[in-house]
Amino acid sequence: MDALTSRYADPADVAHPLGVIRWGTDAAGPHVRDGAPAIDLHVAGGEGEAVTEVWTTGRPVTAGIRNDVAFGHDGRYAFCAVSVPPAARCTPGVRDGYLRAFEVLAGLGYPYIVRMWNVIGAINEPNADGLETYRDFCRGRAEAFARSPLPEGPLPAGTGVGAHSPGVAFHLLARREPGHLAVENRRQVPAYRYPPRYGPQPPAFARATHLPGGSLLISGTASILGHETVHRGDIVGQCRTTLANLAALTDPRTLRAVKVYVRHAGHREPVRRLLGGTLARDAAYLTTDLCRRDLLVEVEGIAHVPVPDRICTAVGSRSTAS
Ligand code: 3EB
C-alpha cells in the first residue's frame with residue numbers, strides 16, 4: 001500500500017501529486033503549481049517527445065519553496081527540485097544547490113535520499129578549465145555529499161543526462177525513515193568505484209534503490225560492462241547490452257514510467273523498434289545528450305519487486321563514494 005511510484009499523466013488527474021516533472025522543450029526553475037512542486041526540464045528533442053511525469057504515494061502532500069528549493073512531502077516521502085544557473089565552472093553551483101536541497105530535506109525531516117535525476121546543459125562540452133561539464137558536475141555533487149548534514153545511508157539511484165538549455169537542474173526523492181537498499185549490478189563496477197580516467201570524482205549513485213513498499217527505482221542504465229562503454233558507434237549492440245544490464249536487475253518487460261534517452265534524433269525510431277517490443281508501450285523516448293560521448297542510449301524505469309531476492313545489495317555508501 002502507498003508505494004512510491006510515478007506515471008505519465010496530467011497532474012490534475014492525480015489525487016495527491018508529490019512532484020511534477022515536465023520532460024519537455026523548455027526549462028523552467030522549481031515552482032509550486034496547484035499544490036505540487038514542479039520543474040520543467042529541457043530534454044525533449046521536440047513537442048512530440050514531451051511527457052509530464054507525476055510522482056505520488058496517494059497520501060496528501062504539503063508543498064512549498066524554501067531557499068529556492070521546491071518541495072512536497074507526505075509524511076513518508078519528500079520530493080524536491082533545484083536549478084543551478086549556467087556558469088564557467090559548475091562545481092560551486094552544483095555543490096551549493098545540493099547542499100540547499102540537503103538542508104531543506106533535513107529541515108523537513110526526510111534525511112534519506114533514494115533517487116536523483118540530474119539534467120546538465122552542455123554535458124559533454126569543456127568548462128572554462130577544459131574539464132568536461134559532466135566531470136565538473138560530478139565533482140560538485142561529490143563535494144556536497146562529502147559535506148552533507150544528512151546521516152550516512154545507502155547511495156541513491158541516479159540519472160545523469162544532457163539538457164538542451166544551459167545550467168543544471170536536479171530533483172530528488174527522499175524518505176523519512178531508513179529501510180531502503182542500494183542495489184548494484186553484477187555486470188557493472190559500482191559507479192562510485194569508476195577509475196580516475198572518467199574524471200576527478202567518480203559519479204555517486206547506486207544502480208537501483210529498493211524501497212520497503214516494493215518499488216525498485218532503477219537508475220539510468222547504459223551499455224557499460226565493468227566500467228567500459230561497449231559497442232561504441234553501434235546502436236544495436238548498445239540497445240542489446242542495455243537490456244541485458246536491466247535484466248540483471250529485473251525483468252525489463254515489467255518496468256513502468258520508462259524513459260529511453262537517445263543521443264541522436266536519427267536513432268529514436270530504430271531504438272523504439274529495438275526496445276519497444278520489450279519495454280512498456282507508454283515509454284518516453286527523449287533525444288538528449290548522455291554523460292559519456294560514446295553512449296548512444298540510456299534506459300530507466302520502476303519495477304515492483306516485493307522481496308529483493310534476485311538482486312544484490314550494495315556495499316557502498318556515502319563514505320565509500322567520496
Ligand atoms: C553510467 O552508468 C551511465 O551521474 O548520476 C547513469 C546514471 C549515469 C546516473 C549520474 C550517470 C548517473 O555511468 C551514466
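One-based numbering, in listed order, for ligands and for the atoms of each. If you're wondering where the values come from, they're calculated on a predicted model, not measured in any experiment.
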> Hey, which residues fall under 4.0 Å of ligand 1 on heavy atoms?
Replying inline: Y134, R141, G158, T159, G160, Y194, P203, F205, R207, G220, I224, C291, E298

>> What I want to find out is whether R292 reaches E298 closely enough, with some N-O distance under 4.0 Å, to be called a salt bridge.
In response: no

>> Distance to the ring centre below 6.0 angstrom and angle to the axis at most 45 degrees; does that hold for R268 and Y285?
In response: no

>> Tell me the closest heavy-atom pair linking I39 and F170, and the distance in Å.
In response: CD1-O, 4.5 Å

> Quick one: is the NZ or CZ of R176 closer than 6.0 Å to the six-membered ring centre of Y110, and within 45° of its axis?
Replying inline: yes

> Do R232 and D294 sit within salt-bridge range, that is, some charged N less than 4.0 Å from a carboxylate O?
Replying inline: yes

> Is it true that F79 and H171 have ring centroids separated by less than 6.0 Å?
Replying inline: yes

